[in-house]
Amino acid sequence: MGQTHTAEIEHDATHPQKSKLAPDFQICLNDSRTLTFFAMHENTNAETTPPNPERKTLDDRAKMTELERIRHSAAHVLATAILRIWPDAQFAYGPPVENGFYYDVELPHRISPEDFEKIEAEMKKEIKANNPFEKLTVTREQAIADANSGRLGGLTERPNGASKFKLDLLKQIPEGEAISYFKNGDFIDLCAGPHVMRTGNIGAFKLTSVAAAYYKGDEKGPQLQRIYGTAFKNKTAMDEYFKMLEEAKRRDHRKIGAEMGLFAIDTEFVGPGMPLWLPKGTVLVEELEKLAKETEFAAGYVRVRTPHLAREKMYKTSGHLPYYAESMFPPMTMVEEDNKKRLHELEQQEADIASKLRNQLKNLTPDLAEKDKEVLMLRTVMGKLQFDQGLLSERYYLKAMNCPHHHRIFAAEPHSYRDLPLRLAEYGTCYRYEQSGELFGLMRVRSLNMNDAHIYCTEEQFADEFRAVNDMYLKYFKIFGLEKYQMRFSTHAAEGLGKKYVNEPELWKKTEDMVRKVLIESGINYVEVANEAAFYGPKIDVQVWSAIGREFTIATNQVDFAVPAKFGLTYRDKDNSNKTPLCIHRAPLGTHERFIGFLIEHYAGNFPLWLAPDQVRVITLNDDEALINYAKGIVSELRTQGVRAEGEYGTDPMKAKIANAEQLRVHTMLVIGARDMEAGAVSVRLHGKGNVGAKPKAEAIADIVASIKERRAN
RNA sequence: GCCAGCGUAGCUCAGUGGUAGAGCAAUAGUUUUGUAAACUAUCGGUCGUCGGUUCAAUCCCGACCGCUGGCUCCA
């Protein structure tokens with residue numbers, strides 16, 4: 001069975017807690033960032049531990065692998081070491097995570113990597129001492145008393161520093177559940193375990209980084225210092241891990257992108273997160289679009305094109321405004337010069353009223369989302385006021401998603417059930433104002449080109465359409481040699497109905513059943529995750545693993561049974577009634593930015609011939625005129641057949657020309673000298689594979705053309 | 001946005017409280033070559049930006065911008 005149902009893994013490092021604020025407005029395709037390494041040689045299901053640990057049951061804990069126990073134990077040793085240096089440290093959570101462990105600590109001293117050596121030295125002492133991890137079961141009263149005395153998460157009692165986080169954690173332990181400590185040396189921690197037997201069982205470890213982290217992941221809670229480290233059974237395993245990190249660094253898309261001249265990010269003039277596609281990167285973009293267009297055409301899609309802007313009304317109707325205004329670029333407001341002053345006054349009034357309203361609401365409603373909604377509603381009203389007063393002629397937004405435009409295309413013409421399914425496809429350009437700390441090379445950007453399409457269909461057609469979309473994913477995976485992939489099937493949770501999710505319990509159930517059925521029937525590897533759906537329907541995130549086992553979330557596929565209604569989209573059904581279509585949002589190739597970023601790493605820049613920006617380079621042995629003419633003829637034949645071929649005829653030593661081409665990752669080099677010319681042949685050299693021998697010119701060209709046409713894997 | 005680290009030529013990196021170097025790349029010559037690098041010369045930097053300390057700042061301090069690792073967020 002390919003499926004692993006892991007509903008008990010509520011979340012993992014790649015899917016941090018969802019927004020507390022209006023998660024019910026996830027309209028379009030999630031471009032979520034996921035870049036985590038899989039723990040080597042360990043099982044691939046249980047390695048993830050929540051960054052903001054919700055309570056794990058004791059059963060969950062018992063399932064910890066040996067490596068996780070080592071890492072969790074290393075976290076205790078880390079705390080022990082920190083306390084020896086800074087006895088006042090207060091500890092919160094210290095779990096194992098995908099590639100190691102961390103411990104969240106509150107400490108006036110700002111720990112920097114310079115401190116690592118000192119901390120590691122203390123850790124080594126504790127490991128050398130080979131203290132046993134002793135489990136002590138205590139009563140709740142005892143635990144509370146120990147926390148109050150500062151003993152928990154400490155080496156001694158600390159009269160001036162109660163273990164406040166441990167105290168808080170105690171409150172979360174349900175009545176009746178056993179409360180236990182783990183003790184190594186003098187260090188006692190509130191902990192359910194399990195651990196390795198002795199500190200000496202931690203074979204190898206290293207501290208890796210320090211970061212800020214909010215207590216329980218709550219932005220409004222105290223900010224702690226999170227010390228990350230990694231630990232392994234032995235040094236060999238750890239060395240292997242760091243070797244893998246090195247390899248990943250070597251394949252980093254930013255590095256290879258620069259080496260190959262694929263893209264540039266001009267933060268000074270264009271802006272952060274807005275990549276420029278250089279000529280060679282554009283080749284990749286266009287090859288992918290070509291692939292998508294062919295595939296979609298064959299699957300019955302039609303193409304549309306839409307502007308990058310839309311009026312405010314569009315996003316009010318879709319529901320993106322006012323809730324998601326902050327994630328969109330601020331609107332372009334056209335204001336008459338005379339009205340600027342009046343507008344400014346109105347904005348001041350708005351700010352005043354909003355601030356008063358906030359204060360009034362502070363005690364009335366503890367639910368922040370509600371409060372913000374009120375304020376945002378006010379903004380909407382004010383916006384209308386401004387508009388009514390003629391102060392604003394227009395307000396336009398850069399689109400952050402394509403769906404509303406596509407909905408308007410659907411609305412532009414009347415539709416009969418006979419028109420459905422209608423599959424509108426577009427490589428749409430979107431702009432999202434991602435927070436500055438989020439930007440990352442091509443992986444997280446502010447301008448993105450999405451392999452988008454919206455399928456409008458009837459309920460009866462849904463299963464077939466959904467299956468076809470999945471088939472398309474599989475087809476792509478095959479082309480790119482992706483052997484490992486997984487779909488995360490996110491469903492709703494009953495308690496969220498009417499709040500987080502549209503209150504259509506039956507439609508939810510029905511749609512989810514349909515989706516699940518298709519997934520199972522297609523034998524697709526998926527996990528089901530409760531309570532992470534979009535507000536309008538279940539969704540599927542697609543995770544793939546690159547050649548070196550790095551995970552990427554590159555696409556989503558969502559079912560929408562709500563938004564088409566907001567736009568009043570209908571079709572005329574057989575019974576002459578108007579019905580609202582279902583809408584499937586899908587983007588198998590995600591965005592160009594992320595997908596190409598992924599491909600760069602997956603192939604380490606060594607693209608298959610059909611994708612390679614430099615497909616063929618004809619290299620002459622010298623600059624003999626007849627030889628150059630022979631070479632030019634070959635280049636010209638190749639180019640006539642659409643092959644990206646260039647000639648290198650200069651007087652540089654052939655070895656230098658080859659080295660140059662290898663460095664640029666030219667896929668195929670045709671090296672020719674007098675010998676080849678006389679035989680009407682070429683010597684074929686493949687990037688990274690070396691000389692593969694001479695063959696007749698026509699044969700070589702035919703091979704190249706065929707490989708490209710078939711999009712062969714290498 | 002938050003915490004930490006980083007920012008020297010197109011790239012990879014040295015370096016010092018007294019206004020900067022190397023290799024590669026680029027350019028110009030020479031070289032006429034059988035599968036990963038021929039030789040010589042030249043060009044190239046307001047040392048991220050702006051302030052401060054100092055006789056003097058690339059170096060010390062501060063702010064800002066950007067990048068990176070995390071956190072938060074992610075339509």
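A note on names: the letters A, B, ... follow the listed sequences, proteins ahead of strands, and every chain is numbered from 1.
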Under 4.0 Å between a side-chain nitrogen and a carboxylate oxygen: does that hold for Arg226(A) and Asp104(A)? yes
In plain terms, say whether Lys657(A) and Glu648(A) are close enough for a salt bridge, that is, a side-chain N and a carboxylate O under 4.0 Å apart. no
Give the rounded distance in Å between these two atoms: CZ of Phe440(A) and P of rG70(B). 8 Å
Could you tell me how far apart Tyr433(A) (OH) and rG1(B) (C1') are, to the nearest whole angstrom? 10 Å
Suppose you measure atom [atom1] in [N] against the same atom in [M]; what distance do you get, rounded to whole Å?
{"N": "rG7(B)", "M": "rA14(B)", "atom1": "C1'", "value": "16 Å"}
{"N": "rA57(B)", "M": "rU19(B)", "atom1": "C1'", "value": "9 Å"}
{"N": "rU12(B)", "M": "rC74(B)", "atom1": "P", "value": "34 Å"}
{"N": "rU8(B)", "M": "rA20(B)", "atom1": "C1'", "value": "8 Å"}
{"N": "rA38(B)", "M": "rC24(B)", "atom1": "P", "value": "11 Å"}

Quick one: salt bridge (charged side-chain N to carboxylate O under 4.0 Å, His left out) pairs with a partner in residues 673-693 of chain A, sequence neighbours left out? Glu662(A)-Arg685(A)
Does the separation of the ring centres of Tyr431(A) and His308(A) fall below 6.0 angstrom? yes
Using only heavy-atom distances, decide whether a donor-acceptor pair under 3.5 angstrom links the side-chain of Ser209(A) to the base of rG5(B). no
Once side-chain hydrogen bond (donor to acceptor under 3.5 Å, both in side chains) is applied, do any residues pair with Glu247(A), and if so which ones, sequence neighbours excluded? Arg250(A), Arg251(A)
Checking Arg71(A) side chain against Glu98(A) main chain: does a donor-acceptor pair fall under 3.5 Å? yes
One should report the stems of RNA chain B, each a stretch of at least three consecutive Watson-Crick or G-U pairs at distances under 3.5 Å, as B:1-7 with B:65-71, B:10-13 with B:21-24, B:26-30 with B:38-42, B:48-52 with B:60-64
